[in-house]
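Notes follow the structure.
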Amino acid sequence: MSVESIRILGIDKPVSRIGLGTWAIGGWMWGGADDAASVETIRRAVASGINLIDTAPVYGFGHSEEVVGKALQGIRDQAVIATKVALEWPGERVRRNATAARIRSEVEDSLRRLRTDRIDLYQVHWPDPRVPHEETARELERLREAGKILAIGVSNYSPAQMDVFRRYAPLASVQPPYNLFERAIERDVLPYARQNGLVVLAYGALCRGLLSGRMRADTRFGGDDLRQSDPKFRQPRFGQYLAAVEALARFARERHGKSVLALAIRWILDQGPTVALWGARRPDQLNGIDDAFGWKLDAGDLAEIDAILAEHVKDPVGPEFMAPPARQA
Ligand code: NAP
């Protein structure tokens, strides 16, 4: 496959513009995971040129990072590891904690689980309203100077929060939700990233599987799968989103000979300095991903896509249900 790549400040090799998201590989909130299949998925992604692997300590409370570390043994240098910091989970109740002390202990845990001596991209998972950005940023900059991390990113930050953060540490990337159905960042974060040379790691590229083309009205989710509480997956909205996916699939096939999944990823790649983070946990889910590379949507395509969305999704809703709470006073 001919992989498109992008440069991220501080990382000395090109980074693939599709990144493998490993939240589901942690099992938690995705109804469990099969570790052997996860390892094979990660190894196959790297072998096929998808070198960016995005994980986080909170994904399975350490499990996703452990599986990533195991999968990358012997091929660590081919991969770009992006992980995160600043959530804690006492009693599995997730909340924000971006204090310097928390960062200092978390980085050691992540390095150990990932079986590496450096993290390529270290991202603050969520802004913590109880901690000044200065404290968080300065601590990350100390880690960068010590060589434990190569680049600094944030996730779920507003431009105003990034403005403050950047006074104390160089910011390479921002990771917000972004896909055909979740476009709030077009108002602020995306233009800010373009203006300030940040790479946008768009998470939820398939909108938690909605844009895979595999969902049906009777699709059910088991165990602790977060889609049971995702408002997009509740009728009558679910029906609207599925109708939009069907129309997008027709458009992708008739106009470009592509799948809706490839269209969904291509669309993200055509919006600017973006990387599409897509979640997979089985090797077969990599099939056809490379179809997103090597072509482009023109202005007419983008307008038609917008018209399809406006026609079908009458009652859109965002991904806000996923935000973890701050600590209480
Ligand atoms: P996603 O990429 O939008 O969707 C993942 C879903 O797509 C899974 O349900 C999977 O199905 C399905 N899928 C993947 N490949 C497929 C294929 N080839 N055919 C059919 N279905 C396919 O969702 P996501 O995992 O939430 O987001 C991607 C990544 O972004 C995460 O893994 C994580 O790294 C990152 N993320 C970050 C944050 C943050 O706060 N920073 C928040 C959310 C996500 P199955 O369910 O069948 O496996």
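Treat the numbers as computed from the prediction; the structure is a model and nothing was measured. All values below were derived from every heavy atom in this structure, side-chain atoms included, with hydrogens, water molecules and symmetry-related copies excluded. Counting starts at 1 for both ligands and their atoms, in listed order.
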Numbered atoms of ligand 1 (with element) below 4.0 Å of C207, judged on heavy atoms: 3 (O)

To the nearest 0.1 Å, how far is atom 41 (N) of ligand 1 from its closest protein heavy atom, and which atom is that? S155 OG, 2.8 Å

Which protein non-hydrogen atom lies closest to atom 4 (O) of ligand 1, naming both residue and atom, and how far is it? G209 N, 3.3 Å

Tell me which one of P176, G279, S212 gets a heavy atom nearest to atom 14 (C) of ligand 1. G279

What about I289: any of its N or O atoms under 3.5 Å from an N or O on ligand 1? no

Under a 4.0 Å heavy-atom limit, does L286 contact ligand 1 with its side chain, its backbone, both, or neither? neither

Distance from atom 26 (O) of ligand 1 to nearest protein heavy atom, with residue and atom: W30 CZ2, 3.5 Å

Should we say atom CD of E186 is surrounded by more than 12 heavy atoms from elsewhere, each under 6.0 Å from it? yes

Which protein heavy atom lies closest to atom 40 (O) of ligand 1, and at what distance to 0.1 Å? N156 ND2, 3.0 Å

Atoms of ligand 1 under 4.0 Å from any heavy atom of A205, numbered from 1 in the order shown, are 2 (O), 3 (O)

Taking only heavy atoms of W126, which atoms of ligand 1 are found under 4.0 Å from at least one of them? 40 (O)

H125 and its ring pair (Phe, Tyr, Trp, His ring centres under 6.0 Å) partner, picked from Y203, W23, Y59: Y59

Between the candidates D225, L277, L261, T83, which shows the shortest non-hydrogen contact distance to atom 17 (C) of ligand 1? L261

Can you name the atoms of ligand 1, numbered from 1 with element, that are less than 4.0 Å from a heavy atom of D54? 33 (C), 34 (O), 35 (C)

Can a donor-acceptor pair be found, under 3.5 Å and without considering hydrogens, that links the side chain of T274 to the backbone of G272? yes

Could you check whether the rings of F61 and W89 sit parallel, tilted or perpendicular, using 30° and 60° as the cut-offs? tilted

Atom 27 (O) of ligand 1: closest protein heavy atom, distance to 0.1 Å, is G204 N, 3.2 Å

Which class fits the ring pair W267 and Y178: parallel under 30°, tilted 30 to 60°, perpendicular over 60°? tilted

Atoms in ligand 1 with a heavy atom of G21 nearer than 4.0 Å: 29 (C), 31 (C), 32 (O), 34 (O)

Closest non-hydrogen atom pair, K13 against D77: NZ-O, 3.0 Å

Specify whether F251 and H256 have parallel, tilted or perpendicular ring planes, treating 30° as the upper limit for parallel and 60° as the lower limit for perpendicular. perpendicular

Which of parallel (below 30°), tilted (30 to 60°) and perpendicular (above 60°) describes Y157 and H133? tilted

Checking heavy-atom distances from atom 1 (P) of ligand 1 to each of R281, Q123, H125, R208, the winner is R208

Shortest non-hydrogen contact from M162 to V189? CE-CG1, 4.1 Å

So between R214, E182, K84, R227, whose heavy atom ends up nearest atom 46 (O) of ligand 1? R227

Under a 4.0 Å heavy-atom limit, does A56 contact ligand 1 with its side chain, its backbone, both, or neither? neither

Just going by heavy-atom distances, which of Q285, M29, Q175, M215 is nearest to atom 47 (O) of ligand 1? Q285

Can you list the ligand 1 atoms lying under 4.0 Å from a non-hydrogen atom of T22? 32 (O), 34 (O)

With the 4.5 Å side-chain cut-off for hydrophobic clustering, are F321 and F233 part of the same group? no

May I ask you to identify the nearest protein heavy atom to atom 30 (O) of ligand 1, giving residue, atom name and distance to one decimal place in Å? Y203 CB, 3.3 Å

If I compare all heavy atoms of V260 with all of L211, which pair ends up nearest, and what's the gap? CG1-O, 3.7 Å

Name all residues meeting the side chain to side chain contact (heavy atoms under 4.5 Å, CB included) criterion together with A86; count only those two or more places apart in sequence or in a different chain, and write none if there are none. A98, V124

N/O to N/O below 3.5 Å, does that happen between T55 and ligand 1? no

Apart from Y168 itself, what residues make up its hydrophobic cluster when side-chain heavy atoms of I, L, V, M, F, W and Y under 4.5 Å apart count as a link, directly or indirectly? V164

Among all protein heavy atoms, pick the one closest to atom 15 (N) of ligand 1 and tell me residue, atom and distance. W278 NE1, 3.1 Å

